[in-house]
Number of protein chains: 2
Amino acid sequence: MAAKSATGKRVTLRDVAARVGITPAACSMALADSDRISPATKEAVRRVAAELGYVGSSAARALRKQRAGAIALIVPTTSRHVFGHSYFMHVLSGVTSVANDHDTQVLIATNADTARGLTAYERVMRSNSADGAILTSAAIEDETVDRLLASGLPLVLIGNFPQLTDAITIGVDDRSASRAATEHLIEVHGRRRLLHLTGPLDHQTGVDRRDGFLEAVTAYGIGADAIVLEGDFSEERGHALVDGLGDTYDGIVAANDDMAFGALTALRSRGRAVPSEVALIGFDDFGLSRVTTPAISTVSVPAEEMAVAATERLLKLIDGKPAEWTRRDVEVSFRYRQSCGCGA
Amino acid sequence: MAAKSATGKRVTLRDVAARVGITPAACSMALADSDRISPATKEAVRRVAAELGYVGSSAARALRKQRAGAIALIVPTTSRHVFGHSYFMHVLSGVTSVANDHDTQVLIATNADTARGLTAYERVMRSNSADGAILTSAAIEDETVDRLLASGLPLVLIGNFPQLTDAITIGVDDRSASRAATEHLIEVHGRRRLLHLTGPLDHQTGVDRRDGFLEAVTAYGIGADAIVLEGDFSEERGHALVDGLGDTYDGIVAANDDMAFGALTALRSRGRAVPSEVALIGFDDFGLSRVTTPAISTVSVPAEEMAVAATERLLKLIDGKPAEWTRRDVEVSFRYRQSCGCGA
DNA sequence: CTGAAAGCGCTTACAG
DNA sequence: CTGAAAGCGCTTACAG
């Protein structure tokens with residue numbers, strides 16, 4: 001479907017040009033505000049274009065300019081489960097707001113189905129549907145990331161990818177943040193027997209948050225009492241892990257808020273009080289942790305801010321403009337609420 | 001950017017054709033599995049295409065076929081605030097899963113900025129970037145909906161639009177559902193002095209949920225004791241409305257869960273127990289209500305299911321295929337949790 | 001049945 | 001400086 005004139009036909013540059021009495025080429029230049037065209041002609045073209053309701057064909061423009069005028073937000077299907085709805089919505093908000101400001105369309109691509117050995121998002125990229133992509137939360141071993149990178153398509157990754165040294169990435173320092181959160185339980189709340197519920201360890205985020213936890217307990221000499229259980233970022237797993245364990249710990253560092261909430265419900269059913277018997281801290285702050293009772297203390301990850309910066313960086317990359325950074329960490333902030341013992 | 005051969009140039013149908021020794025036209029037909037092409041040639045074309053990494057140009061195809069191969073999910077900016085993140089993520093999930101199955105791209109469009117009197121999403125549509133659109137949660141008086149509708153572009157609306165009798169819409173019966181939720185507080189929990197916190201009354205959803213509440217209290221002859229306060233779907237307003245009111249009621253029907261949660265925190269700070277002193281019920285079930293303490297009883301709106309059905313309907317509309325419905329209601333379900341007095 | 005031209009709607013490199 | 005041709009990469013209507 002397309003812009004229609006009264007007769008139902010699409011309004012093209014030829015129509016505008018005919019009405020103004022110039023060529024489509026001149027019309028095109030007029031709308032592009034070229035110096036070649038006189039102010040009077042530009043004005044006439046603009047008036048007629050508005051009258052006829054002319055809107056340029058994105059396909060024709062894309063074909064001619066070899067530029068889609070769109071970027072893709074790539075969501076590996078696995079990470080949809082892994083990172084959850086709220087995370088993507090924060091990311092999507094950031095991406096769309098920047099793209100909007102730059103007259104760029106946003107495409108959502110997943111690798112749900114594959115055909116001829118290409119994932120859906122590879123096809124999006126290679127079919128020229130998008131001029132570049134934001135890829136978020138890929139697994140460490142996701143080989144499509146390498147292929148995408150190798151293809152030379154403009155790409156900005158959200159997250160940490162230490163092995164991809166040539167990639168442009170933006171993330172948070174999960175290790176330091178996790179260490180700081182763990183140290184908070186130790187220093188401020190005097191906890192010594194700590195349990196860590198990890199994220200999925202095929203994601204760098206899971207690895208880094210675990211490593212930060214381990215650094216902290218090691219630094220304080222309480223590593224022998226520390227327990228690390230492998231989780232997957234899901235509330236269910238958080239619940240199950242805590243439910244299947246004895247009561248030998250006095251603090252929990254969960255790698256995300258969903259698992260922290262699962263832990264909280266499990267503690268509740270076991271009759272263990274939070275924070276008095278068990279201090280609890282999560283990670284993410286994408287919405288859940290603020291509304292529970294007790295509210296979950298957490299490390300706030302500025303997902304939207306990362307998405308905004310990633311999108312601005314991508315647009316510069318596409319345009320070949322100079323950019324300030326190649327690998328960037330944004331700051332987290334700590335939200336000490338009730339579940340660690342800080343809040344009211 | 002585009003699919004690259006070893007030399008860095010985009011691989012086009014001409015390259016494939018040259019290699020196979022046929023014309024690009026024949027190549028195109030081969031890839032489209034046309035009867036005109038022999039099985040042997042098709043096989044050769046497919047092999048060479050795979051070898052060269054050929055992926056067709058979406059722009060060229062769109063221009064030639066006058067079909068974008070994409071649909072737009074339109075998000076009026078106002079409703080972003082109004083309906084919140086989780087709602088859109090449910091909708092987006094539904095839309096992308098169906099679109100994926102039909103090799104269709106999904107574009108996110110908002111009306112954030114306007115140029116030459118056109119909203120961003122009108123430009124998306126009229127520039128042929130999308131073959132149709134899903135529009136969700138528009139305000140009653142949003143005149144761009146009328147213009148979109150009048151333009152004849154394939155459009156499916158999520159929500160209720162009683163005044164747009166020609167539109168294809170899918171929604172839930174908010175009035176009946178709200179009435180049933182209210183009756184639950186009356187019949188099952190014996191509440192007689194009810195407070196309703198409305199949604200924004202410039203949205204049909206707000207109006208219908210209020211009307212359902214009023215029907216129930218009227219039917220039970222307790223309308224004189226009922227209080228209706230105008231809200232806006234935000235937690236803050238829910239909190240403020242309850243905070244600014246005396247304690248003359250024993251039940252609250254909130255038009256959504258965010259306001260219900262705001263009410264809950266306000267009741268907590270006033271020292272009123274939920275559900276014993278005040279029974280509370282919300283609406284939506286997009287995530288929040290399940291995790292609070294007490295968990296909020298609510299009416300579950302199947303947002304993803306609506307989005308799936310809307311997208312399937314849109315694709316049929318675009319293809320001119322026969323469809324089963326023009327206006328459809330999907331069933332809500334009731335989640336009676338602790339806040340009304342039902343749950344454990 | 002099959003080959004190859006025409007043309008979708010733009011923009012820009014080129015000719016004059 | 002300015003006019004108008006060429007061509008982006010496809011697909012289909014047409015000619016043979």
Side-chain angles (χ1 to χ4, degrees), chain A residues 1-5 8-42 44-45 48-49 52-70 103 123 126-129 131, chain B residues 1-5 8-42 44-45 48-49 52-70 103 123 126-129 131:
Chain A
M1 285 296 138
K4 300 294 172 56
S5 71
K9 245 184 103 299
R10 183 173 223 290
V11 178
T12 72
L13 220 37
R14 297 189 69 227
D15 302 316
V16 178
R19 181 92 149 239
V20 177
I22 59 177
T23 65
C27 239
S28 170
M29 295 180 211
L31 291 172
D33 205 26
S34 155
D35 289 342
R36 277 185 57 170
I37 308 297
S38 76
T41 304
K42 282 181 191 171
V45 169
V48 170
L52 300 181
Y54 169 75
V55 179
S57 153
S58 59
R61 178 176 293 120
L63 180 59
R64 173 64 231 226
K65 298 185 86 165
Q66 297 293 85
R67 252 317 196 96
D103 254 310
R123 276 179 289 145
R126 305 182 66 175
S127 68
N128 242 340
S129 299
D131 301 315
Chain B
M1 287 294 141
K4 299 294 171 55
S5 72
K9 245 183 103 296
R10 183 174 224 289
V11 178
T12 71
L13 220 37
R14 296 189 70 227
D15 304 316
V16 178
R19 182 92 148 237
V20 177
I22 58 176
T23 64
C27 241
S28 170
M29 295 179 210
L31 291 172
D33 205 25
S34 156
D35 289 341
R36 277 185 56 170
I37 308 296
S38 76
T41 305
K42 281 182 192 171
V45 169
V48 170
L52 299 182
Y54 169 76
V55 179
S57 154
S58 59
R61 177 175 293 119
L63 180 58
R64 173 62 232 226
K65 298 184 85 165
Q66 296 292 85
R67 239 343 181 86
D103 254 310
R123 275 179 289 146
R126 304 182 66 172
S127 68
N128 241 342
S129 299
D131 301 315

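None of these values were measured; they are calculated from a predicted model. Residue numbers begin at 1 in each chain, while the letters A, B, ... track the order of the sequences.
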Atom-to-atom span, CD1 of A/I37 to C1' of D/dC1 - whole angstrom: 11 Å
Have a look at A/S28 and say if it touches a base, only the backbone sugar-phosphate, or nothing, with a 4.0 Å heavy-atom cut-off. base
Please determine whether side-chain contact (heavy atoms from CB on, under 4.5 Å) holds for the pair A/L13 and A/L31, giving the CA-CA distance in whole Å, both sets of side-chain angles, and the decisive distance to 0.1 Å. CA-CA 10 Å; A/L13 220 37; A/L31 291 172; 3.9 Å; yes
With the side chain defined as heavy atoms from C-beta on, A/A25 is closest, among D/dT11, C/dC10, C/dT12, to C/dT12
Can you tell me which stems involve DNA chain D, if a stem is defined as three or more consecutive Watson-Crick or G-U wobble pairs, both distances under 3.5 Å? C:1-3 with D:14-16, C:5-12 with D:5-12, C:14-16 with D:1-3
Atom-to-atom span, CG of A/L13 to C1' of C/dT11 - whole angstrom: 9 Å
B/L63 CG to D/dT11 C1', in whole Å, measures 11 Å
Both A/P24 and B/A26 contact DNA chain C. Which one's nearest nucleotide lies toward the 5' end? B/A26
Between D/dT12 (P) and B/M29 (CE): distance, integer Å: 9 Å
Taking atom SG of B/C27 and atom CD1 of B/I22, what is their separation to the nearest 0.5 Å? 4.0 Å
As an exercise, state the distance from OG of A/S28 to CZ of A/R61, rounded to the nearest 0.5 Å. 7.5 Å
What nucleotide, of C/dC8, C/dC10, C/dA4, holds the atom closest to the side chain of A/Y54? C/dC10
Using a heavy-atom cut-off of under 4.0 Å over every strand shown, decide if A/R36 touches base, sugar-phosphate, or nothing. base
Gap in Å between the two P atoms, one belonging to C/dG7 and one to D/dG16, rounded: 15 Å
How many whole angstroms separate atom CZ of B/R67 from atom P of D/dT12? 11 Å
Does any N or O in the side chain of A/K42 come within less than 3.5 Å of the main-chain N or O of A/M29, such that one atom is a donor and the other an acceptor? no
Please assess A/Y54 against A/V48 for the test side-chain contact (heavy atoms from CB on, under 4.5 Å), listing each intermediate value before the final yes or no. CA-CA 8 Å; A/Y54 169 75; A/V48 170; over 6 Å; no
side-chain N/O A/Q66 vs D/dG9 OP1/OP2, d < 4.0 Å: yes
Look only at the side chain of A/D131 and the backbone of A/R67, and say whether a donor-acceptor pair between them is shorter than 3.5 Å. no
Starting from C1' on D/dT11, measure out to CZ on B/R14 and report it in whole angstrom. 16 Å
Would the distance check show the side chain of A/N128 and the main-chain N or O of B/S58 forming a donor-acceptor pair, the cut-off being under 3.5 Å? no
B/R61 side chain, from C-beta outward: closest of C/dC10, D/dT11, D/dA4: D/dT11
Side-chain contact check for B/R64: nearest option of D/dG9, D/dA6, D/dA4 is D/dG9
What is the distance, to the nearest angstrom, from the CG atom on B/L31 to the C1' atom on D/dT11? 12 Å
Atom pair distance, as rounded to whole Å: CG in B/D35 and C1' in C/dC1: 12 Å
